Protein chains: 2
Amino acid sequence: MRISEGVEWGLHCAVLLAVLPPDAALPTGRLAEYHGVPAAYLAKHLQAMSRAGLLDSVPGPRGGYRLARLAGEISVLDVVEAVDGSTPAFRCTEIRRRGPSAVAAREYRVPCSIHQVMDRADAAWRFELAKTSIADLVAMVAQNASPVALRKGAQWFQEIFG
Amino acid sequence: MRISEGVEWGLHCAVLLAVLPPDAALPTGRLAEYHGVPAAYLAKHLQAMSRAGLLDSVPGPRGGYRLARLAGEISVLDVVEAVDGSTPAFRCTEIRRRGPSAVAAREYRVPCSIHQVMDRADAAWRFELAKTSIADLVAMVAQNASPVALRKGAQWFQEIFG
DNA sequence: GTCCCTATACTCGGATAGCAAGTGTCCGAGTATAGGCGG
DNA sequence: CCGCCTATACTCGGACACTTGCTATCCGAGTATAGGGAC
C-alpha cells in the first residue's frame with residue numbers, strides 16, 4: 001500500500017496558499033519553485049484539487065491558484081481524496097461467493113466479515129485526517145518550524161508581492 | 001492508494017486454516033480451490049506469510065500450511081503487513097528542506113507537520129487492524145455467514161480429511 | 001489628457017510517453033509416503 | 001510376518017514475463033494586462 005507522492009505536494013501547496021494575501025493567487029511555477037518539485041507534474045495535482053472544488057483557478061497574467069474556501073474549512077482528508085482518489089484502499093472481491101462453499105446470492109445479506117474489519121480501519125484513518133484542517137497545519141508549522149525558515153519564506157513572499 | 005488484492009486472500013486463508021483439525025495442514029492447491037483463485041499466485045502470498053512467521057509450512061505429501069500460532073494470537077494487521085509490507089503508506093520526502101526557504105539541516109528538529117498528521121492517521125488505521133484477531137474473524141464468520149454456506153464448507157472439509 | 005483597441009504574454013487544462021510496482025506464471029529443490037524386497 | 005530400502009509423487013520456495021497505474025512531460029485554449037493610437 002502506498003500513498004501517491006502528489007498528496008504530500010498538494011498539502012504543502014495548500015498550506016502555502018493559506019498564508020497568501022487576500023485575493024492574491026500563486027501560479028503553478030511559483031508553487032513548484034518554492035517546494036523544489038517539477039512544475040509540469042505538480043500542475044496535474046493542482047488541477048485535481050481545482051476539480052474537487054478545493055482551489056479556485058485564476059487564468060491570465062497575475063493568475064494562478066488560491067484556496068476556494070477558508071483554510072479552516074478544508075480538511076487534510078479533502079486534499080488526500082482530491083489528489084489520490086476517494087475509493088477505499090481495500091476492495092472486497094467477494095471471494096466468499098466462489099469455490100465449493102458458494103451459495104445463492106440472496107444468502108449473503110451481511111457484508112463479508114473481513115470487509116467489515118477493513119472498512120472500520122479505513123474509517124478510523126479517514127476520521128483522523130478529517131479532524132485536521134489546513135488552518136491547523138498552518139498553526140502547527142508556525143509553531144514548530146525554525147524561525148529562520150519562516151523568515152526566509154516571508155522574504156520570498158515579499159519579493160513576489162512587493 | 002490501494003491495498004494489494006493478496007491481503008484479502010491471505011486473510012481468508014488464515015480464517016480457513018484457523019478451523020483446521022489440529023496438526024493438519026492445507027496445501028496451496030486446496031486453499032486456492034476453496035477460494036476460487038489462481039493457485040500459482042496465491043502461493044506467493046502464502047510464502048510471504050510463512051516468511052513472516054504467521055504460517056508453518058509442511059513439505060512433502062500430506063503437507064501444506066498451518067497457522068504458526070493460535071488464531072487469537074495473530075492479528076489482522078499481522079497478515080496485512082506480511083503480505084503488503086510494513087512500510088507506512090505515507091512517506092515524507094522532506095520537501096520543506098528544498099526551495100528558497102530551506103535552512104541548515106540541524107534546524108529541522110521536529111518532524112514535518114504534515115508528516116505528523118499522516119502518521120497519526122496511519123497509527124489509527126493500524127490500531128484498528130491490530131484489535132481484531134483471526135479468531136475474532138472466525139467468530140464473526142460463524143455468526144454472520146449463511147448456515148447453508150457453513151454446512152457446505154464443513155462438507156468440503158469432510159471430503160478431504162475423511 | 002482620456003478612452004478604446006489591439007497585440008502580447010502569461011495562465012490553466014487536458015492529451016501524451018516512460019517507468020515502477022503489483023499481478024500472474026513457471027520450474028527446480030526437498031521430503032514424507034507407499035510399495036517392494038529381503039530377512 | 002516384520003523391518004528396511006528405494007522410488008515416487010507431492011509439497012514448498014524462489015526466479016521469470018506481463019499488465020496496471022503512478023510518474024513525468026508537453027503543447028494548445030483562454031484571458032487579464034500593457035502599450036499604443038485616436039479623439
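A, B, ... follow the sequence lines: proteins, then strands. Residue 1 opens every chain. Bear in mind the structure is a predicted one, so any value in this text is a computation, not a measurement.
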Participant: Taking the side chain as every heavy atom from C-beta outward, state whether B/Phe127 and B/Leu77 have any pair of such atoms under 4.5 Å apart.
Facilitator: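 No - every pair of side-chain heavy atoms lies 4.5 Å or more apart.
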Participant: Find out whether A/Tyr34 and B/Pro100 are in side-chain contact, i.e. whether some heavy atom of one side chain is under 4.5 Å from a heavy atom of the other.
Facilitator: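 Yes, close enough: below the 4.5 Å cut-off.
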Participant: Given atom CD1 of A/Ile160 and atom P of C/dT11, what is their separation to the nearest angstrom?
Facilitator: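 One finds 11 Å between P of C/dT11 and CD1 of A/Ile160, rounded.
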Participant: Would you list the protein and nucleotides 4-10 of chain D atom pairs, both N or O, that sit under 3.5 Å from each other?
Facilitator:
none

Participant: May I ask you to say whether A/Glu94 pairs ionically with A/Arg96, meaning some side-chain N is under 4.0 Å from a carboxylate O?
Facilitator: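 Between A/Arg96 and A/Glu94 there is a salt bridge, with a charged N closer than 4.0 Å to a carboxylate O.
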Participant: To the nearest 0.5 angstrom, please state how far the OG1 atom of A/Thr87 sits from the CD atom of A/Glu81.
Facilitator: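 That separation rounds to 9.0 Å.
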Participant: Respond yes when some side-chain nitrogen or oxygen of B/Thr28 is under 4.0 Å from OP1 or OP2 of D/dC12, and no when none is.
Facilitator: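 Yes.
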Participant: Has B/Arg30 got a side-chain N or O lying under 4.0 Å from the OP1 or OP2 atom of D/dT11?
Facilitator: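 No, because none of the side-chain N or O atoms of B/Arg30 sits under 4.0 Å from OP1 or OP2 of D/dT11.
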Participant: Would you say a side-chain N or O of A/Ser57 is under 4.0 Å from OP1 or OP2 of C/dT11?
Facilitator: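 No.
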Participant: Return the nearest nucleotide to the side chain of A/Ala40; candidates are D/dC26, D/dG13, D/dA24.
Facilitator: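 Minimum distance to the A/Ala40 side chain belongs to D/dC26.
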Participant: Describe, in one word, how the ring planes of A/His115 and A/Phe90 are oriented to each other, choosing from parallel (under 30°), tilted (30 to 60°) and perpendicular (over 60°).
Facilitator: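 Because their plane-to-plane angle lies in the 30° to 60° range, the rings of A/His115 and A/Phe90 count as tilted.
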Participant: Pairs under 3.5 angstrom, nitrogen or oxygen only, protein versus nucleotides 19-23 of chain D, please.
Facilitator:
residue, atom, partner, partner atom, Å
D/dT23, OP1, A/Arg2, NH2, 3.4
D/dT23, OP1, A/Glu5, N, 3.4
D/dT23, OP2, A/Ser4, OG, 2.9
D/dT23, OP2, A/Tyr41, OH, 3.0
D/dT23, O5', A/Tyr41, OH, 3.2

Participant: Please report the distance, rounded to the nearest Å, between CZ in A/Arg66 and P in C/dC12.
Facilitator: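 It works out to 12 Å between those atoms.
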Participant: Do B/Asp56 and B/Leu67 have side chains that get closer than 4.5 Å, going by heavy atoms?
Facilitator: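 Of all side-chain heavy-atom pairs linking B/Leu67 with B/Asp56, none is under 4.5 Å.
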Participant: Okay, side chain of B/Asp78, backbone of B/Ser75: is any donor-acceptor separation there less than 3.5 Å?
Facilitator: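 Confirmed, B/Asp78 side chain pairs with B/Ser75 backbone.
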Participant: Look at the side chain of A/Trp9 and decide which nucleotide, out of C/dG14, D/dA24, D/dT25, has an atom nearest to it.
Facilitator: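 Nearest to the side chain of A/Trp9 among the choices is D/dA24.
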Participant: Check every strand shown and say whether B/Gly64 touches a base, only sugar-phosphate, or nothing at a heavy-atom separation below 4.0 Å.
Facilitator: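 Sugar-phosphate only.
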Participant: Side-chain contact test, heavy atoms from C-beta onward, threshold under 4.5 Å: evaluate it for A/Val7 versus B/Met1 and give yes or no.
Facilitator: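 Heavy-atom side-chain distance check fails, nothing below 4.5 Å.
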Participant: With a 4.5 Å cut-off on side-chain heavy atoms, are B/Trp156 and B/Glu33 touching?
Facilitator: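 A side-chain contact exists here, since the closest heavy-atom pair is under 4.5 Å.
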Participant: Would you kindly give the CD-to-C1' distance between A/Gln47 and C/dT16, to the nearest whole Å?
Facilitator: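 Answer to the nearest Å: 14 Å.
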Participant: Using whole Å, what does the distance between atom C1' of nucleotide C/dG14 and atom CG of A/Leu46 come to?
Facilitator: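 From A/Leu46 CG to C/dG14 C1': 14 Å.
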